[in-house]
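First the proteins, then the strands, lettered A, B, ... as listed; each starts at 1. Remember, predicted model here, so these are calculated numbers, not experimental data.
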Amino acid sequence: MTLEIYIFKLPLILKLYGRTMKNRVFINELKPNIGKKVTVGGWVHNIRDQGKLNFVLLRDRTGIVQIVTDDTTVRSNDLRNETVIFATGTVIEDERAENGIEIRLEAVEVLSRPVKPLPILVNDKADYQKLELETILNNRVLSLRNPRRNKIFKLQASIIDCFRTFFREKGFTEITTPKIIATGTEGGTQLFTVDYFDKLAFLAQSPQFYKQMLVGAGYERVFEVGHVYRAEEHNTSRHLNEYVSLDYEMGFIDDENDVMDMEEEFIKYLFEEINRRHGDILTTYGQNLPIPEKIPRIPVKESCEILEKEYNKVTKGYDLDPEGEKLICDWAKKNYNTELLFLTEYPKNKRPVYTMPLETNPDFTRSFDLLFRGLEITTGGQRIHDYNMLVEAFKSRRLNVEDFNYYLDTFAYGMPPHGGLAIGLERITQQILGLSNIREASIFPRDRNRLTP
RNA sequence: GGGGGCGUGGCGAAGCUGGUUAUCGCGCCGGCCUGUCAAGCCGGAGGCCGCGGGUUCAAGUCCCGUCGCUCCCGCCA
């Protein structure tokens, strides 16, 4: 015991010699270094002052470790929460430490100190303390330091990664299309306007037209991870004015079922990977992510009949409202044991102009939505590839064909049957983790009122 | 665009039918403690109850307006 005190008093005068980024050890790599002297770097997560004995929890991007030191070290370096330090010491296996491992501090170097009081708690206590969404977002950088919240975007990064990997392997080419555009792509939704030199331009609400044009350009299969913009003044827990759309478009399909088959396979791959890579995050959020067997495909018309029969809910116009979407997911869970459900064959007047109508009943279309835990996360379908049919469709919606020649010409020179879809990145993140507001799934959300941070 | 709810120290909340110095937890500052782990104990600072107006002897509390936030609908991913 006395020896231990003696060792603790020594280290302050020791210099951190030879310390560079190259020999910094990450906290999740400490196990193999038991008995060795290492340097870890990070933020002070918490200090438990035990009198002479002090416990400093240090957090880096890989985890948290307990550093054992004395009171004079903490005081002389004025260590406080969120101070950025390098800490050098010996890795000790000790069952009294939370992960069975701790570092006995020998030297500390302060890299940066907080100069203002922390407006919110970063450390574990924050998990027990509710923060209002506005507080979380107003203090975005600090709130993201909380490991639990930080993990949301590690998972989101994996979704993007899986999307790219999966579709690249399926022969899709990644594209990047302009977000400043001359005309609205689909009409209906409000577009943000851009002052484009002496012209009026818009922010793209979707990469739809460009995806199709590039299918026609001979790539056949394309995908994009890109921002889209919607100027709707909606203010709900599932809408953003800027979000990330995971899009793909594929040529030479038989019908929209090929597009759904592809998404189904992707979802299985994605969920397997999320389970494999982020089991801990799912546990933290109290979520399971079962791999779907087969995702049922139910025509909207049929879903309305089910809602009427099973839930006594009347739907007008064959388009489910949010409550209807929750109920039909509830029904699918009971009858098919699935949290995912394709609703198909939406009525023509609910779908964009380029959607392929059903031959058997032209009032309905070869389109679909994918619902996940009661929320729409995908819209897709087969597109019209016949030039004359498409021009007629534009005319029937009183769209000025001249304005869209840049797009329509794609179909004038030979275009394969094709279809595609878009997945809302923030929405699928929200649903996987069970987040109550989509803004928590957007790293810097843009909504009706928020332009900063 | 329509409807509901909420604004109380840095954070999260309590404050019943209006009634002395506005309460609690966390955080913050200082002190004590050699195994804490949502550490503990002792002491302290910090709020004109979003803002403006009104009712009243008296307003955090009631009324009106206003701003902000939030949720739902429409629309969508």
Worksheet item: Please walk me through it: do A/K31 and A/I101 pass side-chain contact (heavy atoms from CB on, under 4.5 Å)?
Response: CA-CA 7 Å; A/K31 274 252 156 69; A/I101 267 192; 3.6 Å; yes
Spacing of [X] atom [atom1] relative to [N] atom [atom2], expressed in whole Å:
X: A/I47; N: B/C26; atom1: CD1; atom2: C1'; answer: 17 Å
X: A/E98; N: B/A38; atom1: CD; atom2: P; answer: 7 Å
X: A/R450; N: B/U70; atom1: CZ; atom2: P; answer: 7 Å
X: A/K116; N: B/G27; atom1: NZ; atom2: C1'; answer: 17 Å
X: A/N138; N: B/G68; atom1: CG; atom2: P; answer: 14 Å

Fill in: Stepwise salt bridge (Lys or Arg N to Asp or Glu O under 4.0 Å) test for A/R297 and A/D261
CA-CA 11 Å; A/R297 299 173 190 185; A/D261 288 346; 2.6 Å; yes
Item to complete: Would you mind listing every salt bridge (Lys or Arg N to Asp or Glu O under 4.0 Å) that reaches into residues 345-355 of chain A, with sequence neighbours excluded?
Response: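 Qualifying pairs: A/R351-A/D369.
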Worksheet item: Is it true that the side chains of A/Y407 and A/Q212 contain a donor and an acceptor less than 3.5 Å apart?
Response: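 A/Q212 and A/Y407 do have a side-chain donor-acceptor pair below 3.5 Å.
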Across all strands shown, which nucleotide pairs with [N] by Watson-Crick or G-U wobble geometry, both distances under 3.5 Å?
N: B/C75; answer: none
N: B/G25; answer: B/C11
N: B/G68; answer: B/C6
N: B/A59; answer: none

Worksheet item: Which word best sums up how the rings of A/F167 and A/F266 line up, parallel for under 30°, tilted for 30 to 60°, or perpendicular for over 60°?
Response: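 Tilted: the ring planes of A/F167 and A/F266 meet at 30° to 60°.
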Worksheet item: For B/G1, does OP1 or OP2 lie under 4.0 Å from any side-chain N or O of A/R448?
Response: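 Answer no for this pair, as no side-chain N or O of A/R448 is under 4.0 Å from OP1 or OP2.
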Worksheet entry | Distance below 4.0 Å between A/N123 side-chain N/O and B/A38 OP1 or OP2 |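 Negative; the distance criterion is not met.
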Discussion item. Using a distance-only criterion (donor-acceptor N/O pair, under 3.5 Å, no hydrogens), is the base of B/C72 paired with the side chain of A/R238?
Written reply: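 Check fails, no donor-acceptor contact within cut-off.
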Item to complete: Please state whether the base of B/C76 and the side chain of A/H239 form at least one donor-acceptor pair under 3.5 Å?
Response: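 Result: at least one qualifying N/O pair found.
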Worksheet item: Can you check whether A/F55 stacks with the B/G35 base, using ring centres under 5.5 Å and planes within 30°?
Response: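 By the stated criterion, A/F55 and B/G35 do not stack.
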Contact class for [X] (heavy atom, under 4.0 Å): base, sugar-phosphate, or nothing?
X: A/D94; answer: base
X: A/Q50; answer: base
X: A/L240; answer: base
X: A/Q431; answer: nothing

Fill in: Neighbour count >12 (heavy atoms, 6.0 Å) for atom CZ, A/R168
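Result for CZ/A/R168: enclosed.
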Worksheet item: Hey, can you pull the residues of residues 368-379 of chain A with a non-hydrogen atom under 4.0 angstrom from RNA chain B?
Response: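 Residues of residues 368-379 of chain A under 4.0 Å from RNA chain B: A/E376, A/I377, A/T378, A/T379.
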Worksheet item: Distance from A/F372 atom CZ to A/I423 atom CD1, nearest 0.5 Å?
Response: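 It is 11.5 Å, given to the nearest 0.5 Å.
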Worksheet entry | side-chain contact (heavy atoms from CB on, under 4.5 Å) assessment of A/T315 paired with A/E308 | CA-CA 8 Å; A/T315 306; A/E308 206 162 335; over 6 Å; no
Worksheet item: Got a sec, which pairs hit side-chain hydrogen bond (donor to acceptor under 3.5 Å, both in side chains) with one end in residues 132-143 of chain A, sequence neighbours left out?
Response: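 Sorted pair list: A/N138-A/R450.
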Practice prompt. May I ask you to check if A/R230 and A/Y243 form a cation-pi contact, with NZ or CZ under 6.0 angstrom from the six-membered ring centre and within 45° of the axis?
Written response: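 Geometry flag: not set, cation outside 6.0 Å or 45°.
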Practice prompt. On RNA chain B, check which nucleotide each of A/L137 and A/R351 is closest to and give me the residue with the more 5' one.
Written response: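 First, find each residue's nearest nucleotide; the 5'-ward one identifies A/L137.
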Worksheet item: Taking for each residue the nucleotide of RNA chain B bearing the nearest heavy atom, is the 5' side occupied by A/A97 or by A/N241?
Response: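 Residue closer to the 5' terminus by nearest nucleotide: A/A97.
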Discussion item. Once ring-ring contact (aromatic ring centres under 6.0 Å, His included) is applied, do any residues pair with A/F342, and if so which ones, sequence neighbours excluded?
Written reply: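 A/F368.
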Fill in: Closest nucleotide among B/C75, B/C71, B/C69 to the A/K350 side chain
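Comparing B/C75, B/C71, B/C69 against the side chain of A/K350, the answer is B/C75.
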Worksheet item: With respect to the side chain of A/E233, which nucleotide from B/C76, B/G35, B/G1 is positioned closest?
Response: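 Taking heavy atoms from C-beta onward, the closest nucleotide is B/G1.
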Item to complete: Quick one, give me the B/S/- string for nucleotides 3-11 of chain B, reading 5' to 3', where B means a protein heavy atom under 4.0 Å from the base and S means that only happens at the primed atoms, P, OP1 or OP2.
Response: -------SB
Discussion item. Would A/E249 and A/R221 count as a salt bridge (Lys or Arg N to Asp or Glu O under 4.0 Å) here? Give the steps.
Written reply: CA-CA 6 Å; A/E249 197 76 19; A/R221 295 179 158 196; over 6 Å; no
Discussion item. Taking only the C1' atom of each, what is the distance from B/A45 to B/G9 in whole angstrom?
Written reply: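 Approximately 10 Å lies between the C1' atom of B/A45 and that of B/G9.
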Item to complete: Might you point out which heavy atoms bring A/S237 and A/S436 nearest each other, and give the distance in Å?
Response: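 Closest approach of A/S237 to A/S436, heavy atoms only: CB-O, 3.4 Å.
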Any protein N or O atoms within reach of nucleotides 40-47 of chain B? Criterion: under 3.5 Å, listing atom names and distances.
none

